Every structure is written in structure tokens, then in C-alpha cells.
Amino acid sequence: MHVFLVVVPIVGIIAKESPSSLQQELQELRGSASCPRSEPEFEMADIFYFCRRGVESILDDEVTKRFSAQELESWNLLTRSNYNFRHISLRLTVLWGLGVLIRYGILLPLRVTLAITGISLLVVLTTLVGFLPNRELRFYLSEKVHLMCFRICVRALTAIITYHNRENKPKNGGICVSNHTTPIDVIILANDGCYSMVGQVHGGLMGMMQRAMVKSSPHIWFERSEVKDRHLVAKRLSDHVADKTKQPILIFPEGTCINNTSVMMFKKGSFEIACTVYPVAIKYDPRFGDAFWNSSKFGLVNYLLRMMSSWAIVCSVWYLPPMNREEGEDAMQFANRVKAAIAAQGGLVDLIWDGGLKRAKVKDAFKEEQQKLYSKVLVGEQDEGDTTVVTSPSDSGSASPC
Amino acid sequence: MGFNGTSPLLDQRGELRPEDFGAIRELSMNPIGDRIISAFFSPGKETVDFASFVRILAHFHPTETSRSRDGVQPEPANSRTRKLKFAFQLYDQDRDGKISREELLQVLRTMLEMQVTEEQLQSIAERAIQEADLDQDDAISFDEFRKSLEKVDIDHKMSIRFLS
């Protein structure tokens, strides 16, 4: 019985033709139809193109499957990864039962203890360090304290991390960007270096940790009202970056958790600031535990419990060479360039779709674009000024109106 | 996607409703997305079960692979005629067996919406009907539809190959 086979990324269940533009497909449809016409016109056959695209979307579309956990080739003895429950054999069930005992009886209590230790130490020690008058001593100790506490937290999750290309580690005065799969990303990166984190001020336990951490190290926490103000956000980030003694800022430009099979649209806000960007790619091995946080399905505490009762969190972190915005490149293009580099390194699919689609509906602008393309085929170019060839949104490069 | 298992369209009752299809983002982008969705539902019914769902999808199976062994099998779902029938029904929403001028206009409107003027729409529809309407009854019947698409490679264009 093979339990651990090589995991092949699930690409799709249907064979999709290489993406050709709407014009090309319609030409093919018409070319095989009756006599070619001098002027473009409507053909009854045109509907086949839309029809097939529509049904292909129903069978397998690019976006929807990014927001649920990745499927595994072979089962890893966790009930949560078992999608087609079938009783296979007694031996397997016994093994699974044994696994449950080990995970919940031994691993979970140990991990929870470690986690509590780590968090309490973090809160207590950072507050203490914050009282020190001497600035250099404070910086030095704060770094040590942060690293130590995050290392304890990493053990609490049994995260086995492999760092690649450490020579490219982010330096002071820069911004570190990474793909986002789970809140644990933060702990994984902070395990290896000190970053200034950016985020909203929370209440409760999170809030307490935030207040403690900021006493000894310059993290950037925003009030809920300030988040809307883009200029304020940009200014605070720029100020932080300009001060070379401050640690690099850690930002997740996708804005939401994606299931680690793809990288979705990067919000351009962090790429507008004039400084070096250090891209980082994080890829989790799904065989030992699925790290993706499906926030519509589980709350944070539930998610952490699931993490701590998996086998382990195994991941690889690649530090990519630093990038700067080039002449004549706008923020969106720069963001796409960084995104492509991260996707290439991590073996993830590079999508132009906005992660916000997890909760929002598709904007009508996309449908209008399809209609526009089709109308061009029928009635020819309407406006003289519009000379750029717009291809269907399945190609990357065009800035999506988000 | 898959109807069951990990599908985001998973429905506890084992049935799909039109709103469930709305969750598919790429489909919202398709101008005739709504028509395709309603093609899955029999007239008057609000839900579709797995068997019917698969029957509709069977229309899109490539034709070559389903040669009948004996000559007496009922016509397979993915025959050329059945594919044509599926497309015909996308036009013929009231299922009266004919595509009226109004129905054609409706389809054109959804495919083009704001991009052309009403006059252009009318003239496009006019031309299309004139070409296809052989018996001059101002509507396109299924046979006229089939004739006008004689030379189109339907098998290829209306087929989706499943990776096994």
C-alpha cells in the first residue's frame, strides 16, 4: 500500500486548447463554413465559440479552485484530506486510527504547550525590552527576543522549513513581498530574520501581542479607519523605508490567502514606494498537512488547531534576488514582474485574477471586454484611437480594472 | 470542478440550482453565460440532478470516440445532430422549434450589448435571417439551421476532451 507517492500538481480535468484570441477562433469557425465574405458579418456558428468556452468554465475554471484546499494524489491519513470517503481496507483504517491517537494524544498537547510558551514569552520579553533606555541594546535584544520566540512558535507547529538562497535575504530599508497562503507565513519568515510587520490593529490576544511587539521594534499597525486612506498608508511605509536602521517591511500583496497552487494579482500599493523589493516564494508540501487557511470555512482558532494536529508543516522558502522598478515601468507592470518571478520559483501558476474574487463577484468590465472583442469581429473597428490589440483576459499583461 | 467531492458547487441536496453556477467566475465573463446555465435546466424545473447534468455535458464529448458497435444503438448524445440541437436551443429559448427574428435579436443583444447601435443589430439580424431562411417564413427552423452550418467542423468546435 503506497501512502506517499510523488505529488503531481493537479492541472485540470479537461484538455484546454492553447489560448487563442477570440478573433482567431471565430476565423477558424467561419473558414470552415460557407463562402468567405468580403466584410465581417454575423455567423450562426459564432455561438459555438462562446458555448464551448462557457461549458469549459463550468467543468474547470482557473479561479474557483484556488480558494479551496489543494487535492492530493494519495491520501496522507488525515480525515480532512479525504475527499472521496471509501472504506478501502481494515489495515488502512487501523493505521488511520493509530495516526489519530498519535496526532491528538501526543503531538497536539506538546504543540499547544509550546505555542502558549512561545506567545507568553513574546509578550513578556518584548515589553521588558521596551523599557530599556539604551537604544542599541534595545535593538540588539529585541532582535534576539523576536527570533527566539518565533523559533519556539515554529517548533510549536512542527514546521520544517528549508531556506534557499539565503544570500538574498532582505536588508534594511527594503520591502519584502511574498505569496500568501496562511497567517503562518509570517512566523515562517520571521523565524529566519527580523521584519517589520504591517497590519490592522486587532483586539484580544492578537492586539495584546501587537502592542507588546511594537514596544521593542518598529512594526506598523494601522487603525481600521486609517487603512482606507491610501496616502497615509503609503506615507508611513515610505517613512519607515527611508530610515535605514529599521528592518525590512513584510507585505503580502495578494491581500488574501490563496491555496498555494497559484499566485494571484498583486495590489500595486506596495510597489509604488521607491525602494528595493525583495521577493520571497513560499511553497508548502501538502502531503504532511495542508497549510491553506480557508477563512470562509474555519475561524483562526479552529485553523490553528487543525495545523497543530497535522503531521507537520513542511515548506520551502526561496529568497529571490532583489528587484527595483525600472525606468518607464509603472507600479502595475513592476508588480506583475515580481509576481512572475515568484510564481516561476515556487512552481505556482501565475494568474491575473484578483484574490478579492474569493468574496466578490466578477466585474461587468470583463464581460464588456468580451462583447467588445466580438463586436470588432462583426462590425469592424469603431473608434480610430483604439489601435492596441486587446487579447482575451486569459493572457497576462493587461492591467485588469480592479 | 466536479459535481461532488471538492467542488465549490457542492450542494448537500445533490442538486444544482442556477445560482450555484453563478459562483463560477469565468462563466460570468461569458456574454451568453446565462443561456448556457439555463440549458442545463429542463423547462419549468429549478434544479438539475447529477444524472441530467452529465447528460447535458455528454453533448460535448468528442464524436470520434463513440462509434457504436452495432447499428441499432440509440443516437449517442454527442452526435453531430445532438450538438447542433444543443446550440439551436441556445437561440430558441421558447422551444417552439424555430428561431424567430426576435430571438435572434435577443442573442445578438446579449453578445454585443453596448457595443453596437440598435440599427446595426437589426441589420445584422436581417442579413442572418435572409441567408439561412430558405422557406421564407421569417424564422429559422432546425433544418435550415443545420443546412447553414453544413460545412462547419462542429465535432471539433463543440467538443471538450477529458483528461483521464
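It should be emphasised that the depicted structure is a prediction, and the values quoted were computed from it without experimental measurement. In what follows, every chain begins at residue 1, and chains take the letters A, B, ... in the order their sequences are listed.
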Query raised in the report: NZ/B/K83 to SG/A/C51 distance, rounded to the nearest 0.5 angstrom?
Result: 10.0 Å

**Report entry** B/I37, part contacting chain A, at a heavy-atom distance under 4.5 Å
**Finding:** neither

Query raised in the report: Does any heavy atom of chain A fall under 4.5 Å from the side chain of B/I56, the backbone, both, or neither of them?
Result: neither

Query raised in the report: Quick one: CD1 on B/I36 to CZ on A/F50, what's the gap to the nearest 0.5 Å?
Result: 9.5 Å

